[in-house]
Amino acid sequence: MSKVRVRFAPSPTGALHIGGVRTALYNYLFAKQNKGKFILRIEDTDTTRFVPGAEQYIIDSFNWLGITFDEGVHIPNDKNIAYRQSERKSIYKQYADYLLEHKLAYIAFDTPEEIEEKRKEVSNFQYDASVRMQMKNSLTLTNEDVQQRIASGEKYVIRILINPGKDIEVNDLICGKVVINSSILDDKVLWKSSDGLPTYHLANIVDDHLMAITHVIRGAEWLPSAPLHILLYQYLGWEDTMPQFAHLPLILKPDGNGKLSKRDGERLGFPVFPLQWKDPKTNEVSPGYKEKGFLPEAIINFLALLGWNPGTDQEIFSIDELVKTFSLERVNKSGARFDYEKAKWFNHIYIQEKNNSELAKLFHPILLEKGIAFDEQYLQQVTGLIKERINLLNDFWDQASFFFVRPTSYDENVIKKRWKEDTPIHLNAIKQIILDVDPFDKQQAHDKTAIYITEHGLNMGQIMNCLRLSIVGAAKGPDLFDIIELLGPTETGTRIQFAIEAIKQL
RNA sequence: GGUCGGUUCGUCUAGGGGUUAGGACAUCAGGUUUUCAUCCUGGCAACAGGGGUUCGAUUCCCCUACCGACUACCA
């Protein structure tokens with residue numbers, strides 16, 4: 001068997017959708033597993049939908065995710081091969097001409113408006129065998145007429161000629177054998193003279209052939225056009241090297257019906273793009289997983305399991321393990337609903353797996369943004385204390401702000417429930433106890449505080465919570481004496497003082 | 001409308017002619033942490049419906065329902 005070569009071929013019409021990321025991931029895993037090549041090809045044959053910056057966004061996204069390519073638009077190659085279809089423009093026409101010569105395609109002059117009109121007149125109008133002899137094309141017009149129209153600059157398209165009544169088999173690696181009758185296919189436009197560019201169908205088949213693609217792994221929305229593609233391989237005489245197809249199930253909305261869309265993310269409050277994306281036309285900004293505080297490894301793991309499973313109970317997979325374990329055979333046929341909660345759970349797991357110094361680095365941007373000066377050693381210690389309490393990197397500030405700034409407010413519920421008239425007296429006493437442990441020792445400070453509380457016949461929960469309140473500002477956070485140790489006795493004393501003053505005012 | 005595909009806990013899924021239908025997320029309850037979160041333990045919770053085939057169907061076959069994709073000079 002020839003060497004595995006697969007491709008991811010997005011259209012630069014906007015940000016890379018999470019479903020596209022999964023498609024690319026499965027291609028990547030398949031390529032790596034088979035020691036094959038993974039190619040990034042940009043399918044920009046629709047000039048009207050081209051969005052500047054989209055291609056770079058796609059590349060940036062894969063860089064962040066750690067999904068790498070062997071060939072592609074962003075990788076220089078010495079053979080001077082173009083991986084952007086707009087730059088391969090000159091390649092396609094000859095294949096359309098070949099089809100024309102062999103009477104497997106024909107020239108059609110019907111304008112988009114005329115066809116639109118037909119669609120209004122006739123319900124379920126389809127440009128196919130049933131109507132093509134009533135249309136303006138090289139099948140109905142004389143050769144001279146056709147030549148003259150072309151010479152005079154009349155716009156035309158080249159359509160594939162599909163003979164009705166033939167069963168076409170798609171042997172899909174995931175869906176199995178799917179049989180479709182050619183009668184339901186229309187004579188699809190392959191090439192248009194208006195811009196000299198092929199449509200998706202032609203460009204895709206020509207490029208896959210020229211790039212020696214062995215497996216086409218793509219979204220299930222392509223399954224209905226697979227028969228057309230197979231026909232094209234046959235027409236062009238490339239049947240023996242035709243790639244194998246694998247159509248991936250769709251990613252569905254978390255609620256309701258239909259496939260996941262950008263709007264669902266906005267509506268339900270989660271990203272659908274890897275990186276933040278600013279639409280150059282509308283200036284609308286959509287959040288990305290990165291900005292939300294996700295780790296790329298977590299996204300990869302989550303996406304890998306959305307539509308595929310190893311057949312075991314294992315859920316946590318490194319990318320290397322995925323490369324080893326992944327198989328197209330175990331990809332599901334049915335669509336999978338997107339589950340943001342589970343994505344967050346994966347992220348939580350991956351955060352725990354990082355060591356403190358790695359993780360601390362990921363918090364730098366947050367502190368920088370807040371304008372907080374910090375000591376790396378200190379940050380790493382804080383990280384160690386709070387890491388198990390967060391799901392997203394962005395939860396950091398919520399869980400750790402008090403390590404860097406004094407509380408500016410105190411949780412009213414805690415005050416109401418715990419703060420008594422004599423609380424300040426006892427807190428002052430405890431403050432002194434902590435200050436007196438010199439050099440400071442966490443265990444000693446704790447024990448002496450506990451002794452004080454029992455000796456005075458006080459309620460442990462009440463006093464400890466008030467102490468926490470004055471240091472943290474709320475009833476949350478890691479072990480109180482761990483916090484005190486990091487903050488230091490002096491800062492702790494100051495905070496107790498501040499809290500007593502502030503709460504007195506209330 | 002037509003073509004194709006799909007349907008196991010709320011969600012992702014395992015399983016497969018005889019199982020207490022398993023796991024994970026979410027959720028609920030206990031425990032730990034004198035806080036909150038984590039963590040641990042446990043609970044709730046599913047084979048879309050109807051016909052076959054069979055001693056026996058969630059599993060195989062057919063039909064129905066529902067869901068989805070596609071049906072462009074878009075990809």
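Per chain, numbering begins at 1; letters A, B, ... match sequence-line order. Below, all heavy atoms of this structure are taken into account, side chains as well, without hydrogens, waters or symmetry copies.
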**Q** Quick one: does A:M135's side chain get under 4.5 Å of A:E114's, heavy atoms only?
**A** no
**Q** Specify the separation, in whole Å, of atom CD of A:Q314 and atom P of B:U13.
**A** 17 Å
**Q** Does a salt bridge link A:K342 with A:E315, judged by any charged N lying under 4.0 Å from a carboxylate O?
**A** yes
**Q** Under 3.5 Å, which N/O atoms of the protein pair with N/O atoms of nucleotides 4-8 of chain B?
**A**
from	atom 1	to	atom 2	distance (Å)
B:G6	OP1	A:K333	NZ	3.3

**Q** Paired with B:U33: which nucleotide, if any, by Watson-Crick or G-U wobble criteria at under 3.5 Å for both distances?
**A** none
**Q** Rounding to a whole Å, what distance do you find between A:Y200:OH and B:A72:P?
**A** 16 Å
**Q** On a plain distance test, is the side chain of A:K342 in donor-acceptor contact with the base of B:A24 below 3.5 Å?
**A** yes
**Q** Can you say whether the rings of A:Y289 and A:F294 are parallel (under 30°), tilted (30 to 60°) or perpendicular (over 60°)?
**A** perpendicular
**Q** Checking A:S86 against A:D44: is there a side-chain donor and acceptor pair closer than 3.5 Å?
**A** yes
**Q** Taking the basic N atoms (NZ, or NE/NH1/NH2) and the acidic carboxylate oxygens, is any pair closer than 4.0 Å for A:E43 and A:R84?
**A** no
**Q** With a 4.0 Å cut-off on heavy atoms, is A:P254 in touch with a base, just the backbone sugar-phosphate, or nothing at all?
**A** nothing
**Q** Roughly, in whole Å, what's the span from CG in A:D187 to P in B:C73?
**A** 11 Å
**Q** Mark up nucleotides 37-44 of chain B, 5' to 3', with B wherever a protein heavy atom is under 4.0 angstrom from a base atom, S wherever such an atom reaches only the sugar-phosphate, and - elsewhere.
**A** BBS-----
**Q** I'd like to know if A:R88 pairs up with A:D207 as an ion pair, taking the criterion as any Lys NZ or Arg NE/NH1/NH2 lying under 4.0 Å from an Asp or Glu carboxylate oxygen.
**A** yes
**Q** Closer than 4.0 angstrom, basic N to acidic O: yes or no for A:D264 and A:K253?
**A** yes
**Q** Should the ring pair A:F270 and A:F338 be called parallel, tilted or perpendicular, given that the plane angle runs from 0 to 90° and is split at 30 and 60?
**A** parallel
**Q** Using the six-membered ring wherever Trp is involved, compare the ring planes of A:F396 and A:F363 and label them parallel, tilted or perpendicular (cut-offs 30° and 60°).
**A** parallel
**Q** In the strands shown, is B:C60 matched to any nucleotide by a Watson-Crick or G-U wobble pair with both distances under 3.5 Å, and which?
**A** B:G52
**Q** Should the pair A:W222 and A:H229 be assigned to parallel (<30°), tilted (30 to 60°) or perpendicular (>60°) ring geometry?
**A** tilted
**Q** Tell me: CG of A:L40 to C1' of B:A75, nearest whole Å?
**A** 15 Å
**Q** Considering every strand shown, what is the Watson-Crick or G-U wobble mate of B:U7 when both distances are under 3.5 Å?
**A** B:A65
**Q** Which protein N or O atoms sit under 3.5 Å from an N or O of nucleotides 27-33 of chain B?
**A**
none

**Q** Quick one: label A:N465 by what it contacts on the DNA or RNA (base, sugar-phosphate, nothing), any heavy atom closer than 4.0 Å.
**A** sugar-phosphate
**Q** Which one is paired to B:G1, where only Watson-Crick or G-U wobble pairs with both distances under 3.5 angstrom count?
**A** B:U71
**Q** Using a heavy-atom cut-off of under 4.0 Å over every strand shown, decide if A:R337 touches base, sugar-phosphate, or nothing.
**A** sugar-phosphate
**Q** Quick one: A:L305 CG to B:C12 P, roughly how many Å, whole number?
**A** 13 Å
**Q** Write down the distance separating the P atoms in B:C40 and B:U32, rounded off to the nearest Å.
**A** 16 Å
**Q** So what does A:R330 touch, heavy atoms closer than 4.0 Å: a base, only the sugar-phosphate, or nothing?
**A** sugar-phosphate
**Q** For the residue pair A:W397 and A:F404, does the interplanar ring angle fall in the parallel (under 30°), tilted (30 to 60°) or perpendicular (over 60°) class?
**A** parallel
**Q** Look at all strands and tell whether A:T312 reaches a base, only sugar-phosphate, or nothing, counting heavy atoms closer than 4.0 Å.
**A** nothing
**Q** Can you measure A:I386 atom CD1 to B:C36 atom C1' for me and round it to whole angstrom units?
**A** 14 Å
**Q** Testing the 3.5 Å rule here: is there a donor-acceptor pair between the side chains of A:N137 and A:Y127?
**A** yes
**Q** For the pair A:D255 and A:R267, find out whether any cationic side-chain nitrogen is under 4.0 Å from an anionic carboxylate oxygen.
**A** yes
**Q** Remember a base hit wins even if backbone is also touched, and classify A:W191 as base, sugar-phosphate or nothing at under 4.0 Å, heavy atoms.
**A** nothing
**Q** Between B:C47 and B:C62, how many Å separate the two P atoms, rounded to a whole number?
**A** 23 Å
**Q** Taking atom C1' of B:U11 as reference, at what distance in whole Å does atom NZ of A:K253 sit?
**A** 16 Å
**Q** Need one value for A:G219: base, sugar-phosphate or nothing, where a base atom within 4.0 Å counts as base even if backbone is also close, heavy atoms only.
**A** nothing
**Q** Considering only side-chain heavy atoms of A:E221, which listed nucleotide, B:A69, B:U3, B:U35, is closest?
**A** B:A69
**Q** Take the protein atom NZ of A:K188 and the nucleotide atom P of B:A72, then report the distance between them rounded to whole Å.
**A** 6 Å
**Q** What nucleotide among B:A24, B:U35, B:A75 has an atom nearest to a side-chain atom of A:E315?
**A** B:A24
**Q** Please tell me if A:K259 has a side-chain N or O lying less than 4.0 Å from either OP1 or OP2 of B:C70.
**A** yes
